[in-house]
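It should be emphasised that the depicted structure is a prediction, and the values quoted were computed from it without experimental measurement. Below, read A as the first sequence line, B as the second, and so on, with proteins coming before strands; counting in each chain starts at 1.
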Amino acid sequence: MGGYGDVKLLNDDGSRLDGRAIDEMRPVEIRAGVLPVADGSAYVKHGLNEAIVAVYGPMEAHPRRIQLQDQAVLDVRYNMAPFSTSDRIRPGFNRRSREISKVTAEALSSVVLVERYPRSKIRVEIEILSAEAGTRCVGITAAAVALADAGIPMRDLLVGVAAGKVEDTVVLDLDKAEDNYGQADLPMGIMPATGEIAFMQMDGDLSMDELNTAVEYCFKGAADIYELQKAALKDRYNGGDSQ
Amino acid sequence: MGGYGDVKLLNDDGSRLDGRAIDEMRPVEIRAGVLPVADGSAYVKHGLNEAIVAVYGPMEAHPRRIQLQDQAVLDVRYNMAPFSTSDRIRPGFNRRSREISKVTAEALSSVVLVERYPRSKIRVEIEILSAEAGTRCVGITAAAVALADAGIPMRDLLVGVAAGKVEDTVVLDLDKAEDNYGQADLPMGIMPATGEIAFMQMDGDLSMDELNTAVEYCFKGAADIYELQKAALKDRYNGGDSQ
Amino acid sequence: MGGYGDVKLLNDDGSRLDGRAIDEMRPVEIRAGVLPVADGSAYVKHGLNEAIVAVYGPMEAHPRRIQLQDQAVLDVRYNMAPFSTSDRIRPGFNRRSREISKVTAEALSSVVLVERYPRSKIRVEIEILSAEAGTRCVGITAAAVALADAGIPMRDLLVGVAAGKVEDTVVLDLDKAEDNYGQADLPMGIMPATGEIAFMQMDGDLSMDELNTAVEYCFKGAADIYELQKAALKDRYNGGDSQ
Amino acid sequence: MSTQTVPQLLRQQLAILAESDQRIDGRGRWEMREIDLEVGCLYNAEGSAKVTWGDTVIYAGVKFEIRTPYDDRPAQGSLMCGSELRPVAHRKYDPGPPSPESIELGRVVDRGIRESGCIDMANLCIVPGEKVWMVVIDIHVLSDGGNLFDAAGLAAIAALRNATVPAARFDVGEDYQLPVSLTPIMTTFTRVGGRLVYDANEEEELGGDERVSVTLGDTGAMHSMQKGLKGTFTPPELAEILDVAAEHCKNLRELVDSKVN
Amino acid sequence: MSTQTVPQLLRQQLAILAESDQRIDGRGRWEMREIDLEVGCLYNAEGSAKVTWGDTVIYAGVKFEIRTPYDDRPAQGSLMCGSELRPVAHRKYDPGPPSPESIELGRVVDRGIRESGCIDMANLCIVPGEKVWMVVIDIHVLSDGGNLFDAAGLAAIAALRNATVPAARFDVGEDYQLPVSLTPIMTTFTRVGGRLVYDANEEEELGGDERVSVTLGDTGAMHSMQKGLKGTFTPPELAEILDVAAEHCKNLRELVDSKVN
Amino acid sequence: MSTQTVPQLLRQQLAILAESDQRIDGRGRWEMREIDLEVGCLYNAEGSAKVTWGDTVIYAGVKFEIRTPYDDRPAQGSLMCGSELRPVAHRKYDPGPPSPESIELGRVVDRGIRESGCIDMANLCIVPGEKVWMVVIDIHVLSDGGNLFDAAGLAAIAALRNATVPAARFDVGEDYQLPVSLTPIMTTFTRVGGRLVYDANEEEELGGDERVSVTLGDTGAMHSMQKGLKGTFTPPELAEILDVAAEHCKNLRELVDSKVN
């Protein structure tokens with residue numbers, strides 16, 4: 001996290017610079033089945049973030065040394081398109097994207113019924129087309145929908161959502177300015193039906209009380225996104241978008 | 001292509017700066033069997049370009065995932081030696097050499113009887129020792145001779161030759177100045193016996209009429225190089241150069 | 001080697017800047033069995049150099065193409081930790097470390113009874129934690145002890161030791177200043193029991209007579225280090241250091 | 001779908017269809033699939049386009065960077081066009097360094113645009129000898145349903161024509177629209193069932209042979225050609241496809257025109 | 001020990017032990033293994049520490065480089081923390097480019113230190129706008145006996161607190177001790193036999209599930225968290241481990257204090 | 001011919017031949033194969049040589065670049081020597097990043113030349129502290145018929161002695177011949193059939209053991225040595241080959257002298 005109090009992030013009435021309430025999310029839009037050749041796919045727009053996810057598989061895991069005897073491997077790639085940020089990003093993986101790919105794969109492995117597909121591989125390709133703040137959460141939300149669209153059985157959908165701290169106040173869903181100048185960021189991956197946490201990172205400065213509030217906000221936000229995920233899938237099965 | 005008319009490339013009598021006629025090639029010299037340990041090899045000097053090609057195989061294609069069930073794979077590498085150009089080139093492949101390797105492999109696959117050697121691999125190593133302009137064509141001319149020298153059956157030899165446009169005039173076989181300051185370049189890979197085109201690229205600016213003339217010049221040049229290719233192979237089988 | 005006579009490296013009484021005699025080594029300390037999870041390990045401090053070596057194996061050699069039908073492969077990596085030198089080194093292999101890894105592997109293959117383990121691999125991981133001068137020799141000394149600690153059968157231990165030339169005088173075991181400003185460096189890998197040479201490099205300027213003296217000094221130094229190697233292994237089997 | 005399985009049955013089927021002048025998806029020999037073009041669709045790109053071309057989906061994004069000019073062209077900016085053929089786009093693509101296919105795609109699109117002269121590099125100079133703009137076009141393939149070349153070429157030129165030079169963000173003046181004077185268009189022909197057809201789809205590419213791509217400029221001149229894959233063609237075949245190309249280029253150019261400005 | 005063999009027998013054994021609140025090495029659920037901390041042990045590093053934590057052995061070394069500051073922070077230095085998980089550390093590690101495990105380890109340790117604010121970047125300025133120090137912490141794992149995160153975090157902060165800025169060697173003044181105002185400490189919990197335990201050893205990691213790491217600062221505030229590996233946990237479980245973490249962080253901070261200054 | 005097949009039959013044959021002091025190609029123990037040296041043969045290189053040494057064919061090319069000198073040697077140029085052991089040279093070589101064999105070859109040739117002092121780095125200064133020449137020697141192996149080291153070393157020094165500093169092309173004066181005051185020569189010995197022989201050919205290397213290379217300068221002093229591959233030797237064996245080396249170095253130096261100037 002960047003500065004501490006040197007940038008004003010809350011209005012005098014306690015609302016945020018973009019007018020949102022403390023526990024209000026940016027607008028979210030979800031569509032399933034957006035890519036013709038993938039086995040499953042999803043598009044998520046969250047604030048100004050845009051992510052598209054393609055799922056391929058289950059398929060034979062090769063090379064054989066990556067196979068697991070009793071479960072499927074989730075081969076997840078989180079990738080930011082070169083034009084997805086203000087300054088162009090050189091194509092290819094970097095340390096940040098490798099870490100996000102790893103923890104995202106581990107989170108998704110916790111909800112997919114991987115034991116149904118021993119020795120196989122499920123590819124999850126997360127492409128960030130526009131980045132505002134919170135892309136790893138948007139990628140998780142989209143990946144869960146794309147996995148469901150591909151017919152991969154899961155214990156629950158997984159929702160990516162973040163809370164944070166700005167001007168000593170806990171808020172839901174940091175936008176770009178809040179991310180740059182805020183005091184803490186807590187991205188989570190939540191299974192709304194069971195209340196489990198499959199993904200969590202944090203950096204900044206957060207007391208135990210603040211953490212509790214932030215987690216509570218995340219669960220609240222997750223519940224809302226969960227409904228949009230389910231609606232997108234329902235729409236898809238009712239003959240909705242296939243591009 | 002570089003400039004357009006800002007450099008003088010034709011003499012007042014219509015001849016070119018090095019005295020060649022519009023449809024005249026630079027001098028070409030071809031030798032087969034120049035490398036002791038390769039299965040087949042060839043040397044081509046074309047103008048100031050020099051290329052050496054080694055062929056190895058057919059051999060088992062490994063790793064197995066590159067095997068084709070019903071034909072041989074041509075594994076072609078086009079490489080410019082670090083000292084082959086005015087400014088030293090860092091060793092290793094770059095985007096240009098990868099593209100040339102790909103389209104050269106595809107062109108050679110069109111003339112080699114690859115279906116004779118299912119699951120196998122034929123390696124074609126094109127090394128450019130001196131570059132003037134038109135090295136991809138020189139590499140193709142040399143590769144065809146080296147493949148024949150290795151005893152690989154082919155439908156025909158393949159000839160690499162280029163035409164281009166300078167000062168609004170179509171000319172055969174651009175030299176370095178013409179390549180740098182000309183208006184178009186059209187490298188082709190021609191099977192002289194059948195009149196087929198196995199390789200073609202173009203960049204610059206060329207009307208349909210100019211294209212027709214350029215193609216015609218290329219076929220004319222190819223016929224001449226074809227004779228030199230056959231002579232080199234004949235010379236080799238008659239106990240000629242083995243280095 | 002760097003300068004020639006422009007830096008004073010010998011005192012007026014013929015002793016060296018750090019007080020050592022011409023044929024005197026820096027202090028050496030050796031311990032076996034210093035890493036808990038390795039199959040064998042050793043620590044060597046030689047002057048200000050510090051190296052730790054871990055040995056794993058014999059184990060199945062994979063991928064299969066690296067297997068040798070009638071002997072084990074020694075897979076040796078010489079690596080300098082980023083903080084081992086005055087200026088930080090970027091992590092990862094460079095040309096120098098690859099060459100040292102290669103010749104060290106070849107030297108160790110000459111003393112290990114590799115024919116006892118066909119198709120298998122023995123990994124030798126040499127980590128330089130602090131570098132003063134002569135790290136490749138320190139790595140060899142430590143690797144031999146770690147191999148013995150892992151129970152790998154060997155014809156003899158191998159000792160890494162160097163001689164050199166400063167101010168036209170042959171000396172044993174160059175330190176950093178002598179290495180930087182001396183006239184020649186001769187690192188050797190010696191089997192003290194048989195008098196064989198398994199490793200040798202040289203650079204600088206050395207007459208035949210000087211070479212003979214330098215080799216003689218190296219053998220003398222090797223005999224001393226050999227005793228320390230054997231003592232470390234004896235200490236280890238008598239219930240010594242396992243950390 | 002790996003390159004290891006050569007789809008002989010598909011090849012036979014395509015050959016039989018070709019005999020009666022038919023294609024596997026019912027199109028005519030020179031008929032294009034349905035396409036959709038959106039421009040300005042990417043928030044952080046200075047120019048952008050999304051092309052949906054049959055089952056192919058491609059985004060192109062334009063970004064600008066400030067560079068020191070080359071010594072021999074102190075008052076000229078530069079252009080770079082790259083493509084990413086990432087595993088998202090098809091089951092057959094692997095992760096890893098750029099494949100030859102990906103490199104070829106980027107370079108062919110690059111040459112078509114560069115050689116058309118649609119961007120005057122002198123317009124990209126900020127301070128001669130010191131600062132010039134580099135225009136970077138990134139082609140991002142999300143779904144490979146066949147004929148990537150034409151879809152990528154279309155996305156690239158549409159994104160360029162939609163681009164704004166972000167001078168304000170770089171503190172070198174006010175934003176202005178990137179001047180793009182021409183609209184080069186690529187058309188690609190593939191040998192399917194023994195004859196060349198326009199705009200091959202995924203199955204036709206899988207069971208087909210060589211590919212010939214031609215980029216034509218506003219006046220009908222050729223700016224780039226590229227023959228790829230195994231197979232050969234003859235000069236009369238080349239003449240035939242150039243005629244077809246001219247017609248399609250005209251229509252596609254009108255489509256671009258209708259979406260920008 | 002490849003990831004291919006999922007050790008079902010070990011998992012069963014760990015589950016049975018957990019039922020009677022036991023661990024495979026006899027420790028209590030929240031009990032730490034024996035650890036040893038040495039500082040200043042590396043000759044060429046400007047700060048260094050060696051941590052022996054059960055069968056885990058890790059060195060951390062601090063080096064300094066002079067850099068041009070970033071445009072938007074002309075009077076601030078920078079910090080970089082990387083880890084090398086090389087084949088020396090375990091039979092299971094392969095050579096090659098940094099693995100995701102290695103990258104995650106370095107980045108999590110980096111965030112814990114960076115976000116604690118223990119180093120005031122303004123203290124690393126030499127000449128504003130021209131020269132600032134970059135502090136580089138390299139974590140070198142020599143033996144992976146489990147719980148690398150906590151051992152690496154401890155080695156990193158101990159090496160920093162032991163570090164001297166080598167101003168003399170770079171001709172920019174006299175050497176001085178790097179000011180480090182706080183001592184962030186990481187604690188890691190792993191699900192073993194169905195319940196979360198502190199400081200898992202090698203076998204517990206092999207037969208266990210998800211890992212949760214928390215870095216706490218001197219005042220008890222959280223500075224970083226990271227959940228890794230397959231598995232989930234609940235908010236009440238999080239609350240429980242945070243209590244345990246606070247106690248261990250305090251003790252480990254005292255250990256560091258006892259070794260430096 | 002992969003390293004996996006250890007050619008036991010060949011080893012036996014070589015051992016039997018050695019017993020009667022014979023070699024597989026009929027040469028004497030210390031006899032060299034036929035060699036040919038051409039200089040100035042590469043159009044774009046500033047210095048070049050082609051060595052044909054038995055079935056081994058190697059080109060060396062010299063290029064010049066202008067660099068900023070190192071801080072501690074402001075008036076000295078630099079030298080770099082690299083080798084490419086590419087798949088063209090033998091069926092056994094794979095494409096990919098430089099192999100250890102390729103790196104060793106380049107570094108051993110580099111040390112022989114550098115340590116001989118044949119190039120006075122002060123002669124490569126253009127403007128002290130600002131511009132110096134870097135001499136780059138690239139060794140390009142086209143056919144590996146055995147004893148690459150000696151052939152590469154010969155090509156490198158011959159190319160250097162043939163080199164012209166391209167000052168005019170870089171606008172820093174007039175071209176002049178690169179001053180090379182000495183002619184270091186490498187000789188390599190290989191254990192074949194149990195004894196060391198000079199100039200092993202391809203089969204002898206395949207069925208042989210360790211290799212010892214020595215570079216001698218004009219006055220007979222050693223400038224580099226390198227022992228490679230599995231095997232050992234004794235001090236008396238070293239003394240014996242050094243005598244043979246001296247004789248061959250003299251002859252090869254005369255060959256170089258006869259081709260340049």
Side-chain angles (χ1 to χ4, degrees), chain C residues 1-2 4 64-71 73-74 93-103 105-112 114-115 118-119 155-156 158 183-191 194-208 210-212 215-216 218-219, chain F residues 2-8 11 72-73 80 82-83 94 97-108 110-117 184 191 209-217 219-239 242-243 245-246:
Chain C
M1 306 307 297
Y4 293 83
R64 198 172 294 180
R65 64 180 164 74
I66 69 159
Q67 287 184 2
L68 296 181
Q69 299 308 311
D70 57 355
Q71 55 188 280
V73 171
L74 257 65
F93 285 100
N94 51 40
R95 290 168 53 87
R96 176 180 171 276
S97 65
R98 285 198 191 276
E99 186 198 348
I100 294 176
S101 296
K102 177 182 189 287
V103 291
E106 292 164 348
L108 293 170
S109 298
S110 311
V111 297
V112 168
V114 287
E115 53 281 5
R119 293 192 174 77
R155 290 169 54 211
D156 193 1
L158 185 63
Q183 295 158 291
D185 187 20
L186 173 77
M188 296 184 76
I190 290 171
M191 298 163 67
T194 65
E196 289 166 78
I197 301 165
F199 175 85
M200 189 180 69
Q201 294 186 306
M202 194 283 264
D203 64 339
D205 183 278
L206 220 50
S207 73
M208 296 295 159
E210 289 166 342
L211 175 71
N212 288 337
V215 169
E216 188 188 302
C218 282
F219 272 84
Chain F
S2 113
T3 53
Q4 300 195 43
T5 314
V6 177
Q8 291 301 338
R11 290 185 74 88
D72 54 343
R73 280 166 291 170
M80 190 173 96
S83 69
D94 293 316
S99 64
E101 286 71 24
S102 167
I103 290 170
E104 185 191 17
L105 176 59
R107 287 176 61 87
V108 171
D110 182 295
R111 284 199 290 268
I113 287 173
R114 181 184 306 276
E115 300 291 336
S116 75
R191 188 172 303 276
D209 295 294
E210 84 275 8
R211 158 179 41 75
V212 182
S213 300
V214 185
T215 302
L216 300 183
T219 64
M222 254 164 299
H223 294 305
S224 82
M225 293 204 292
Q226 178 90 348
K227 181 263 172 179
L229 307 181
K230 183 186 158 191
T232 64
F233 60 98
T234 60
E237 287 179 321
L238 179 59
L242 288 174
D243 279 347

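Note that NZ of F:Lys230 is 4.0 Å distant from CD of C:Gln71, once rounded to the nearest 0.5 Å. Here F:Arg107 contributes atom CZ and C:Arg95 contributes atom CZ; the two are 6.5 Å apart, rounded to the nearest 0.5 Å. In this structure, CE in F:Met225 is found 4.5 Å from CG in C:Leu211, a value given to the nearest 0.5 Å. Of the inter-residue distances, the one linking F:Ile103 atom CD1 with C:Ser97 atom OG reads 8.0 Å to the nearest 0.5 angstrom.
Under the side chain to side chain contact (heavy atoms under 4.5 Å, CB included) criterion, F:Leu229 pairs with C:Lys102, C:Glu106, F:Arg211, not counting sequence neighbours. Take C:Ser101 and apply the side chain to side chain donor-acceptor pair (under 3.5 Å) test, not counting sequence neighbours, and it matches no residue.
Of all heavy-atom pairs between C:Ser110 and F:Gly231, the closest is OG-N, 2.8 Å. Counting all heavy atoms, side chain and backbone alike, C:Gly195 lies closest to F:Pro235 at O-CD, 3.7 Å. The nearest pair of heavy atoms linking F:Phe233 to C:Met200 is CZ-CE, 3.7 Å. When all heavy atoms of F:Thr234 and C:Ile197 are compared, the closest pair comes out as C-CD1, 4.3 Å.
At a 4.5 Å heavy-atom cutoff, F:Glu237 makes no contact with chain C through either its backbone or its side chain. Contact annotation for C:Ser207: only backbone heavy atoms (N, CA, C, O) come within less than 4.5 Å of a heavy atom of chain F. For C:Met188, no part lies under 4.5 angstrom from a heavy atom of chain F. For chain F, no part of C:Arg119 is nearby; none of its heavy atoms comes within less than 4.5 Å. For C:Val111, no part lies near chain F; criterion is any non-hydrogen pair under 4.5 Å. Looking at F:Val212, the atoms closer than 4.5 Å to chain C (heavy atoms on both sides) all sit in the side chain, from C-beta outward. If you measure heavy-atom distances from C:Leu186 to chain F, the contacts under 4.5 Å come from the side chain alone.
Using a 4.5 Å heavy-atom threshold, the side chains of F:His223 and C:Asp203 count as separate. Side-chain contact between C:Thr194 and F:Thr232 is absent, with no heavy-atom pair separated by less than 4.5 Å. With contacts defined as side-chain heavy-atom distances shorter than 4.5 Å, the pair C:Met208/F:Leu242 qualifies.
When only modelled atom types and interatomic distance are considered, F:Gln226 and C:Glu99 share a side-chain donor-acceptor pair under 3.5 Å.
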